[in-house]
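Any value given below was found using the heavy atoms of this structure, including those in side chains, with hydrogens, waters and symmetry copies removed. From a predicted model like this one, the values you see are computed outputs, not experimental measurements.
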Amino acid sequence: MTYQTAPWRLEGYAIQTLHLVDIKQAVPFVPSELEIVSLFPGKTLAGTYVSSYQAGSLLEYNELIVVPAFVRYQGHIGAWISHIYVDHEDSVAGGREIWGLPKEMAEFSWDNHGKVSVRQNQKNLYQLCYKKGLLSLSTWWQQEFRGNAFGGLGSELLYFQNNFKSQISFLKANLEIPQHSPFASLSLGQPWLTLNLQKLELVAGVPKLLGNEVINLSYG
């Protein structure tokens, strides 16, 4: 397996769901060294991000990211990624070895009727049905934004920045997480906001090591 060093430049489209979850539900998915950020009393922001990176990308593959919470460490705030699935072995290797992300192989299915499904070992992990909702705009708007995230498969905690440029609109979505899914106990429920990201340009940045201490990143 071969992969390019960071940054990775990717192009395609994605759907981002945002959820408010109980902090007590997120705790088992987050290393104890990280402080979960409370958005409202007892609640943190969680989400899923399912994407298809296509022609023009460093690698062409599909991806599902699960964020159980936003966290804080040494003054840095970002998303903690507890689960991440792709369908390209080079992406698995690069994700693990560059950003410390727990990437696993899975199968992805997008249909023309507004549904994306993710399966692993012939079991459904995730299914999202989506369509234009009442909040959909008649025209898209172009947006640039940044998303910071943490990674850490070993004893090193990494922090990195993702830069996005995309056309964005709102969607109405229904999310199904089977009980046997590894992240079912997070109890995401239905999204309170779903974003459609088209003509997406993403730059996954170079990670940096936070601190010199050896920390225990076991969780789950």
> Is there a path from V203 to F164 through hydrophobic residues (I, L, V, M, F, W, Y) whose side chains come within less than 4.5 Å of each other?
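No: no chain of side-chain contacts under 4.5 Å links V203 to F164.
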> Between the side chain of T194 and the main-chain N/O of K172, is any donor-acceptor distance below 3.5 Å?
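Answer holds: no.
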> The test is ring pair (Phe, Tyr, Trp, His ring centres under 6.0 Å); show your working for Y13 and W110 and say whether it passes.
CA-CA 12 Å; Y13 56 87; W110 298 79; 5.1 Å; yes
> I need the E89 CD to L59 CG distance, nearest 0.5 Å.
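Here the rounded value is 12.0 Å.
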> If I compare all heavy atoms of T44 with all of P68, which pair ends up nearest, and what's the gap?
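So the two residues come closest at CG2-O, 3.8 Å.
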> List, one per line, each side-chain donor-acceptor pair under 3.5 Å for residues 183-191, sequence neighbours excluded.
unit_1 : atom_1 : unit_2 : atom_2 : d
S187   : OG     : Q25    : NE2    : 3.4
Q190   : OE1    : L175   : N      : 2.8
Q190   : NE2    : L175   : O      : 2.9

> Can you see which heavy atom on E156 is nearest to which on L209, and at what distance?
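Looking at all heavy atoms of both residues, the closest pair is CB-CD1, 3.6 Å.
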> Going through the distances and angles, do Y73 and E33 end up as a side chain to side chain donor-acceptor pair (under 3.5 Å)?
CA-CA 8 Å; Y73 183 82; E33 293 83 4; over 6 Å; no
> Side chains of V66 and F29: does their closest heavy-atom pair fall under 4.5 Å?
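No, side chains not in contact.
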> Residues in side chain to side chain contact (heavy atoms under 4.5 Å, CB included) with P207, at least two apart?
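For P207 the side chain to side chain contact (heavy atoms under 4.5 Å, CB included) partners, ignoring immediate neighbours, are A6, I98, W99, L158, F160.
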> Who pairs with T17 by side chain to side chain donor-acceptor pair (under 3.5 Å), at least two apart in sequence or on another chain?
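Listed in chain order: H19, T48.
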> Between V206 and L10, is there a shared hydrophobic cluster once you connect ILVMFWY residues whose side-chain heavy atoms come closer than 4.5 Å?
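No, because V206 and L10 fall into different hydrophobic clusters, even though each may have its own neighbours under 4.5 Å.
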> State the OG-CD distance between S166 and Q142, to the nearest 0.5 angstrom.
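So the OG of S166 and the CD of Q142 are separated by 7.0 Å.
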> Only one of V118, D87, I84 forms a side chain to side chain contact (heavy atoms under 4.5 Å, CB included) with E63, so which one is it?
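The passing option is I84.
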> Test your reading of the model: is there a side-chain donor-acceptor pair from S52 to the backbone of N62, 3.5 Å cut-off?
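Here the side-chain-to-backbone pair does not exist.
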> Locate the shortest heavy-atom distance separating L197 from Y49; write the atom from each residue and the value.
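Of all heavy-atom pairs spanning L197 and Y49, the closest is CD1-CE1, 4.2 Å.
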> Look up atom CH2 in W80 and atom CZ in F150, then write down how far apart they are to the nearest 0.5 Å.
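The CZ atom of F150 is 9.0 Å from CH2 of W80, to the nearest 0.5 Å.
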> Please confirm whether the backbone N or O of H113 pairs with a side-chain atom of D111, one donor and one acceptor, at under 3.5 Å?
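Confirmed, D111 side chain pairs with H113 backbone.
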> Does any donor atom in the side chain of R119 or N124 lie under 3.5 Å from an acceptor atom in the other side chain?
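Judged by distance alone, the side chains do pair up.
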> Under 4.5 Å between side-chain heavy atoms, hopping through other hydrophobics if needed: is there a path connecting L20 to L18?
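Result: yes, single cluster for both.
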> Quick check for you: to the nearest 0.5 Å, what is the distance between Y85 atom OH and I65 atom CD1?
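CD1 of I65 is found 12.0 Å from OH of Y85.
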> Side chains of Q74 and Y159 only: does a donor on one sit below 3.5 Å from an acceptor on the other?
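No, no side-chain donor-acceptor pair sits under 3.5 Å.
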> So, for M105 and V92, which heavy atoms are closest and what is the spacing to 0.1 Å?
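Closest approach of M105 to V92: SD-CG2, 3.7 Å.
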> As an exercise, state the distance from CG of N174 to NZ of K115, rounded to the nearest 0.5 Å.
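Here the rounded value is 11.0 Å.
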> Might you point out which heavy atoms bring V21 and A26 nearest each other, and give the distance in Å?
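Minimum heavy-atom separation between V21 and A26: CG2-CB, 4.5 Å.
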> To the nearest 0.5 Å, tell me how far E104 CD sits from Q120 CD.
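CD of Q120 is found 5.0 Å from CD of E104.
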> Give me the atom names and distance for the closest heavy-atom approach of S91 to V86.
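Here S91 and V86 meet closest at OG-CG1, 3.6 Å.
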